[in-house]
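This report refers to the structure that appears directly beneath it.
Convention: sequence-line order gives letters A, B, ...; per-chain numbering from 1. The shown structure was predicted, so the numbers you read here are calculated from the model rather than taken from an experiment.
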Amino acid sequence: MADLDQLMGELNPAQLKAVQHPPHIPLQILAGPGSGKTKVLTMRIAYLTTYCHLPPWSICAVTFTNKAANEMRDRLFKLLGKDRTAQIKMGTFHALCAMFLRRFAKFVGLDGNFTVCDADESKKIITKLLKQYKDELVEKNVTLTENGALGFISKVKAKGWTADDARRHVEETNALPAQKRKSRNMGKFDPWEGELGRILATIYKDYEKSLREANSLDFDDLLMFGVKLFKSHAKASKWCRHVLVDEFQDTNTMQYELMVYIARACQCVTIVGDPDQSIYGWRSAEIENLAKMQNDFPTTQQLYLEQNYRSTGSILALSMAIVSQDKGRIQKTLHASHPQGHPPVLRVFPIEHVEAAFIAAEIKRLVAYSGGMLNWGDFVVLLRFNSHSRGIESALQKEGIPNRVLAGHKFFERMEVKDLLAYLQLVDNPHFVPAFLRVVNVPSRTVGEKTVSEITTRAQQLKISPLQVVERIVDGKIPDIKPPVKKKLASFVHTIRILRKYANDGVAPSKLINALVDSIHYKEHLAKTQPDADSRWDNVQELINFASEVEQSGPEEVVRRMFEADEALHEKDAEGTDGEESQEEWEDDLNDFDGDQSRGIAPGDTPLRLFLQASMLSTDTETGEEEKSKEKVTIATCHAAKGLEWPVVIIPAVQSGVFPSSRAEDVEEERRLLYVACTRAKGLLYLTHTTSRMMAGEFVPAYISEFISALHHDKKTKELFTETLPPLPPQDRKIIATVIGRPLPADEEVARRVSEYEKTSRHPAWGEHAPFLNPAMGDCGPEWQRQQFPSAPYKGFLQQKPAEISGHQQSLAQPISGPASFSSSSTLLTATQRAGVVRTAAPQASSSRQVMHRASSSASQQPKAGPSAVGIAFGKPTSLGTAVARQPTQVANARTATHSQSRHQTVPSMRQSSAGSSKEEPIDIDALPSVPVPTRVKPLTTKPVTAVSDRPSASHRDTSFAAPRLAPTQAASTNLRLPPSPAPPLTYCTPPSPKRSLPSSASGSSTTGSSSAIAASAAPAAAIPPTGVKRRLGMGRTVTGYTNKKFKPVAPGAS
DNA sequence: TTTATCGCCGTTTTT
DNA sequence: CGGCGATAAA
């Protein structure tokens, strides 16, 4: 056990003050990122038990995620030992509520074996209900989607409204004159009024009814019923002496009320939070809870933790600059403990592919240039959307970089997993209709929709569950249905009954799954119905593993330990102080509990039930196998990254529409999200974006995030970034070593790694392995090259929405004349955008598909050198028949040539002059920009575009695309002697699929030119195809693609 | 009842 | 583009 005194001695004064704050004075700790808040929170718990002599079981510690709970538990193990830690009531609000509700279910009118209903199932219920009102909705001209309805209902549930409350609200609102309504809403849209409100209220009511009948609670219900329990039964929180809440800024109204009611007796509360990191407003988090708490606990005191121990100074400076743009925020500072370090890197790319390839390559380079100090596990790619992960994943795969995706519930959302869980849910809770509906016909028992609805109707008539109906039919107790269901469903009932028996006998969940899988021949079923049955079967195995893990962690024991001391408390407290429920009733319940406890299991805490609950309430990334993930690059959403840190953080797609998300309703929250993402970085931070993005199968222009571009309007903030990739000279290596707390590798080791790297790898950004030369990337290079692109001054990452550049819209929209030139891939796209041409039609495509002129139709009238001028054809799959294979030998030659030249060039070489843009040459090696000199922080010109026809100036080109590979001059500064690079192995370029053919001479040049790419299907065998990919999740589960439902047939032609 | 095809739709974030 | 529902056909 660690020495608490000693550890407390290591705290800074503010931290120490927070830890030692008197327990009875409510405390708000406002702690910036990296200020050691988890440390303080755990130490405070240790302090409360050790110095204030609060028994561990009297402490309630609430976290926002299970991961945070586990981490805290781990830390407390070390401080308090296993025994005492186990007694602390610790977990998420949801998990704690579930535990208490299982225990005291009957006090709030529930059964202890309720099933937690996940969002999917909720949605299905809503969908069904919504159908009933479809006609009415159409008639009243109201549009309401399932997601909409679910969202609206969830929002009010988070506020604590019951269905009746909602109904009342609607009635009241509708009774008001329209004028008044409007002013009350401050002009905002309120779904809970008018016809929509009325229908919503009805649906809410029905939804509640469905849930209750199914004996299940959704996530919001867990909180609502939790509040109900603690509010109406003060004794349920009798044990409590202190409540600690982590991530308080993310609590919603129900969670806040829970805290208040649990702390009702003791009034001792400690919360930790950071308004700047409030990123869950969309989930009804209420930042006002901070003020509310000061109100409800008038003696509340505040402490600030403003010392940042995580990030370098420059990372912190940028982060602060980002979040400070929010003028309404509470003023707060952060002091860096670490030196400045290399400034955050900001880079721009033409398309996501290139961006992703850059990221992969840069990771590789950093590992080498850090001399192995940085490993795969030290990198994270933080995304706004989960959906962005695929591109990054495959880019990493192509580079052979191990990676893992840290994504929410993915695993438990897999079709095969849900099927099996549904069976178990049904075994545990026969009333849980969603599970019944899911599996009556899995595997197919030829009971269709019609039969099922017959069953459910009858269930409603008899006021029993559908499962019971089926059981009775099979038992011959009630008559069969027309198509003889009795026979068809006998096996179903049989399976359920066997499992039920096993479960009652206390058979472990993992064994139950095994039995289940045997009983329904699930493997065969998968094989028959799923093309990727193998990996799905892997998932089944993984579910069994997960069950075993849960069993081993002994959840029954954990729960028992958490509650064991409470009974004594209640016995001692025989003279009831609150009259709400009779003493007898309470003690009856406790007696029930004691009875169960003699079997070692509390009511509602059967192994099966706990396993199911764990499946529903835990995200798969939280459990187990952390070791393995240490050697992998992490891909995660910004939300999922909260509370975590990495030596190197890379944030792609820092673009409008992504940061902030186009559908975000609170822009400030989006800004904070970016802030949270940036502050995860310890040593290096990268922000990248593209100038185009794929939407609905087409490229549309993309513009840098306003959060970033705004910083360029201010002289003070515009130098917070660099475009230079960190060359990691010794002093920088040292800084990183310090920041991430690792030994500095020897210079020799660095030199060795670097030379190794130089031998085997090329940074693909602008070397001979440029991603646009790589067939696997989509063969977009030569195509680009042959295009005639109007030139334009490079504006780099200052590229903005036309509308934002006042006075220049006109020029932006205008077609651009002047000599064609190929300056850089970025400029290329930019220029194209300016011309209003963003289109991906293959050259041979019919004219109707060719160009779409957004702003100016005259763009097409612009004389262009070749037919290819009308479209860009990168990465866009064409029909298989029309593409022609590019000739591998020529590609190889070109590559070698490029390479040998590039070695002698230390000057950036986007040198293809306008005159020399030699359209007819196969591949103009010189046209490929390569090996520019990394220059330190060259401030970018922010001059608005006036003369659009200007060609980029040399100085622009030099720095804008500073390549990662070190030029000799730079290399010297790192004290490394770089060996000459030998001819690169052709590892990047696998021969393209022979199936493809070139667009004859559509682009007017030789066959060396690429086809318009077939990004997906042309990927070499070594690369991972985009669908049907085996992915490893955090827990090491294999997951197949993204398909959750029926499989998608594999294209027969794809050999 | 199951399977194939078309066309429409949207395109956060998570307990 | 890809996922999904609705419709049509086997």
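Here A:S444 lies in heavy-atom contact (under 4.0 Å) with sugar-phosphate atoms only. Note on A:T145: nothing from the nucleic acid sits closer than 4.0 angstrom, heavy atoms only. Among the heavy atoms of the strands, none lies under 4.0 Å from A:D221. At a threshold of 4.0 angstrom between heavy atoms, the contacts of A:Y280 are confined to the sugar-phosphate backbone, with no base atom among them.
The aromatic rings of A:F546 and A:F412 sit perpendicular to each other, their planes meeting at more than 60°, with 30° as the lower class boundary.
At a cut-off of 3.5 angstrom, counting only N and O atoms as typed in the model, there is no donor on one side facing an acceptor on the other between the side-chain of A:R663 and the base of B:dT12. A donor and an acceptor atom never sit less than 3.5 Å apart when one is taken from the side chain of A:R283 and the other from the base of B:dT13.
Using a 3.5 Å distance cut-off with no hydrogens or angles, the side chains of A:E355 and A:T688 do pair a donor with an acceptor. A:Q655 and A:T690 share a donor-acceptor pair across their side chains, judged by distance under 3.5 Å alone.
The separation between A:D250 atom CG and B:dT13 atom P is 16 Å, rounded to whole Å. Remark: C1' of B:dT14 and CZ of A:F64 are 8 Å apart, rounded to the nearest angstrom. Look at NZ on A:K123: it is 8 Å from P on C:dC4, rounded to the nearest Å. Counting to the nearest Å, the P atom of B:dT15 and the CD atom of A:E247 are 12 Å from each other. The NE2-C1' distance, from A:H94 to B:dT15, rounds to 4 Å in whole Å. Going from atom CZ of A:F411 over to atom C1' of B:dT14 covers 18 Å, rounded to whole Å. To the nearest angstrom, P of B:dT13 lies 12 Å from CG of A:N147. What separates CD of A:Q249 from C1' of B:dT14 is a distance of 15 Å, to the nearest Å.
Annotation: A:F230 is in aromatic contact with A:F100 [ring centroid separation under 6.0 Å].
Considering only side-chain atoms of A:K450, the nucleotide from B:dT13, B:dT15, B:dT1 that sits closest is B:dT1. Nearest nucleotide to the side chain of A:A640, out of B:dT1, B:dT14, B:dT15: B:dT14. When distances run from any side-chain atom of A:F385 to the nucleotides B:dT13, C:dG3, B:dT14, the shortest one goes to B:dT13. Closest approach to the A:E670 side chain among B:dT14, B:dT12, B:dT2 is made by B:dT12 (side chain taken as heavy atoms from C-beta onward). For A:R384, the side-chain atoms get nearest to B:dT13 when compared with the rest of B:dT15, B:dT1, B:dT13. Distances were taken from every side-chain heavy atom of A:W282 (C-beta onward) to each of B:dT2, B:dT15, B:dT13; the shortest belongs to B:dT13.
Along DNA chain B, the nucleotide nearest to A:A119 and the one nearest to A:T446 differ in position, and the one closer to the 5' end is contacted by A:T446. For the pair A:N441 and A:T92, both in contact range of DNA chain B, the more 5′-proximal nearest nucleotide belongs to A:N441.
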Checklist entry - Going through the distances and angles, do A:T251 and A:Y280 end up as a side chain to side chain donor-acceptor pair (under 3.5 Å)? => result CA-CA 8 Å; A:T251 53; A:Y280 282 96; over 6 Å; no
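Of the candidates A:T253, A:D220, A:D221, A:K157 forms a side-chain hydrogen bond (donor to acceptor under 3.5 Å, both in side chains) with just one, namely A:D221.
For the pair A:N386 and B:dT12, the criterion of a side-chain N or O lying under 4.0 Å from OP1 or OP2 is not met. Using a 4.0 Å cut-off, no side-chain N or O of A:S387 falls inside it from OP1 or OP2 of C:dG2. Residue A:N252 places no side-chain N or O under 4.0 Å from the OP1 or OP2 atom of B:dT15.
Between B:dT12 and C:dG5, the two C1' atoms lie 23 Å apart (nearest whole Å).
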